[in-house]
Amino acid sequence: MSKDFATREENYSKWYNDIVTKADLAENSAVRGCMVIKPYGYSIWEKMQATLDKMFKDTGHENAYFPLFIPKSFFSKEASHVEGFAKECAVVTHYRLKNSPDGKGIIVDEDAKLEEELIVRPTSETIIWDTYRNWIQSYRDLPLLINQWANVVRWEMRTRLFLRTAEFLWQEGHTAHATQQEAIEEAEKMLNVYADFAENFLAIPVLKGVKSENERFAGAVETYCIEALMQDGKALQAGTSHFLGQNFAKAFDVKFTGKDGKQEYVWATSWGVSTRLMGALIMAHSDDNGLVLPPKLAPHQVVIVPIYKTDEEFARLNEKAAEIKKSLEALNIRVKYDNRDTHKPGWKFAEYEFKGVPVRIAIGPRDLENGTVEVARRDTKEKASYQQIDLAHKIEHLLGQIQSNLYQKALSFREQNTTNVDTWDEFVNQIEGKGGFVYAHWDGTKETEEKIKELTKATIRCIPLNNKKEEGKCVLTGKPSTQRVVFARAY
RNA sequence: CGGGGUGUAGCGUAGUCCGGUCAUCGCGCCUGGUUUGGGACCAGGAGGUCGCAAGUUCGAAUCUUGCCACCCCGACCA
């Protein structure tokens, strides 16, 4: 049978959509711009959540929950914040429906108009800082280190499964500190947590950097980010961490009394990653045979498929498979034994391959005789016969290899698609050709960045942390520059 | 929100120009049998407001108008 899904070469965005829908990660819903995350996709998200949540707690944060709705007036308190989000807010204006007078369905009851409209949160800084005002009085109340897992709504014009949806799931950390120094350290610390997570769990290498003024979060003094490179040569912002200065403290009048008895505004950070990481995961590793999952995030790390002709064989295989499953589970390996009689082995092979299960163990009568199993790894598609003796440890080792191979593969892809350019022609050729991360000199002005974006659709993804200082000339204007910055077309 | 495209069974589709046994085919689904080391085969069967709503007509999947959804390209954005 031929494949019924697109390849990257043929149609990259169709390939992406096919993976999301056919690997059962998510689907479009009856609500425009909103998706249904299906059980298989959601269990990957749960893995991400569990890992991140532990990392947050290990760095001293606690979870809390703030309202979905934000009074409209809160929004206008921080000028650049409201400007940044105003264009994409869903607004609640009424609180009641009634039967339509013509008897056909129900309509909004105009008598039930809210005195003050409520915004469905696109992010929670305003409601949180309004709350923090009451929580913070003294330096003894600081630092305040809170995270919330929530959904947010940004009314997007154009949506794509996981990458940009009107409603998405995320976590947002909001912290308050006594000093500027401490808040900056917090923002950097959480950026490092994200980078660690991306590299060691998602197996995606990321650039750590700061955003240019244009790309900065609405209301932030400094935005830090991790940027990943996708297989089509486009960049994807995988996480952000903001140093908010005293902007929100001033807007919401959050002050504390210091040891010296003086009142001061507190210093703030916020940081978040979203279900967009699912998109990054897909586009970083998957191939023309479907999804490829790094073992640390795979809902099933190993699937066991029995091959048999007779009931008697099937019974013996069930027994052997149970034994193998148990030995793997003893090493905390997540195993699924697929003993469904309704599908043939070949069908199951294709199915689990498309769903990205890292390791497949096939076991049949010949294996029972020889004391072997057939082991296939998803990342390289290699198959090998393994002795059953000490199989669990061998599989554990293999999972580790797959995890690091995926990272190495993604890293060398990024290296091959990272270029230094010095002239405008080179810049345009690179951006419009292969894409990737393009390191170029920039004169540091907003105008130049906007002009470059207008001409090439490329934006400054970040100014890498600890960037090498180097004299040069701006790739567009020829004005002097002290360092190269990273350009790319982005999601 | 602008430009383009598409909507026919769960999925993918033929038919649309040229109205009239045209609702086609494949996958999937159900039943029975044979199968099972890379998506099995045979036989039988179920499943459709042809995106929605008006209109034109003796008659509309097919023509007209409006609306909705999705996809691609722009603007905006995590």
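Throughout, protein chains are lettered first and strands after them, A, B, ... in sequence-line order, and every chain is numbered starting at 1. Because only heavy atoms are used, hydrogens play no part in the values below, and waters and symmetry mates are left out as well, while side chains stay in.
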Carboxylate-amine/guanidinium proximity below 4.0 Å for A:Glu227 and A:Lys211: yes
C1' gap between B:C17 and B:C71, integer Å: 24 Å
Sugar-phosphate only, base, or nothing, as touched by A:Gly33 at under 4.0 Å among non-hydrogen atoms: sugar-phosphate
Closest-nucleotide ordering on RNA chain B, the 5'-leading residue of A:Thr275 and A:Val373: A:Val373
Gap in Å between the two C1' atoms, one belonging to B:C25 and one to B:G20, rounded: 23 Å
Sugar-phosphate only, base, or nothing, as touched by A:Leu163 at under 4.0 Å among non-hydrogen atoms: base
Sugar-phosphate only, base, or nothing, as touched by A:Ser385 at under 4.0 Å among non-hydrogen atoms: nothing
Spacing of A:Trp347 atom CH2 relative to B:C41 atom P, expressed in whole Å: 15 Å
Salt-bridge criterion met for A:Glu167 and A:Arg154 (N-O under 4.0 Å): no
Atom-to-atom span, CZ of A:Phe349 to C1' of B:A40 - whole angstrom: 14 Å
Integer-rounded Å distance: B:C41 C1' and A:Lys344 NZ: 9 Å
A:Met35 CE - B:A69 P separation (whole Å): 19 Å
Residue pair A:His242, A:Glu125: steps toward the side-chain hydrogen bond (donor to acceptor under 3.5 Å, both in side chains) verdict: CA-CA 11 Å; A:His242 316 288; A:Glu125 273 77 5; 5.7 Å; no
A:Glu449 bridged to A:Lys453 by N-O distance under 4.0 Å: no
Donor-acceptor pair under 3.5 Å, A:Lys383 side chain vs B:G38 base: yes
A:Asp53/A:Lys57 ion pair, N-O < 4.0 Å: yes
A:Ser241 vs A:Thr269 side-chain heavy atoms within contact, under 4.5 Å: no
Nucleotide nearest A:Asn28 (side chain, heavy atoms from C-beta), chosen from B:C76, B:C71, B:G37: B:C71
Heavy atoms from other residues, nucleotides or ligands near CH2 of A:Trp155 exceed 12 (cutoff 6.0 Å): no
Options B:U36, B:G37, B:C76, nucleotide nearest the side-chain atoms of A:Asp367: B:G37
Whole angstrom value for the distance that separates P of B:A75 from CD of A:Glu156: 14 Å
Residue among A:Lys381, A:Arg378, A:Lys348 satisfying salt bridge (charged side-chain N to carboxylate O under 4.0 Å, His left out) with A:Glu353: A:Lys381
Closest nucleotide among B:G39, B:C72, B:U36 to the A:Asn17 side chain: B:C72
Within residues 37-55 of chain A, residues whose heavy atoms come under 4.0 Å of RNA chain B: none
Listed nucleotide nearest any side-chain atom of A:Ile307, set B:G39, B:G38, B:G37: B:G37
Rounded distance in Å - CZ (A:Arg340) to C1' (B:U35): 18 Å
Sugar-phosphate, base or nothing in reach of A:Phe217, heavy atoms under 4.0 Å: nothing
Option passing side chain to side chain contact (heavy atoms under 4.5 Å, CB included) with A:Tyr42 (candidates A:Thr275, A:Leu169, A:Leu25): A:Leu169
Spacing of CZ belonging to A:Arg216 relative to CZ belonging to A:Phe243, to within rounding of 0.5 Å: 11.0 Å
Helical stems, RNA chain B - three or more consecutive Watson-Crick or G-U wobble pairs below 3.5 Å: B:1-7 with B:68-74, B:10-12 with B:25-27, B:29-34 with B:40-45, B:51-55 with B:63-67
C1' gap between B:A46 and B:C29, integer Å: 8 Å
Between B:U36 (P) and A:Glu312 (CD): distance, integer Å: 15 Å
A:Ile204 side, atom CD1; A:Ile226 side, atom CD1 - distance, nearest 0.5 Å: 8.5 Å
Ionic contact status for A:Glu323 with A:Lys320, cut-off 4.0 Å: yes
RNA chain B-proximal residues of residues 189-196 of chain A, any heavy atom under 4.0 Å: none
Any A:Ser13 side-chain nitrogen or oxygen under 4.0 Å from OP1 or OP2 of B:C72: yes
Value in whole Å for how far the P atom of B:U36 lies from CG of A:Leu317: 14 Å
Within 6.0 Å of CD in A:Glu83, more than 12 heavy atoms from elsewhere: no
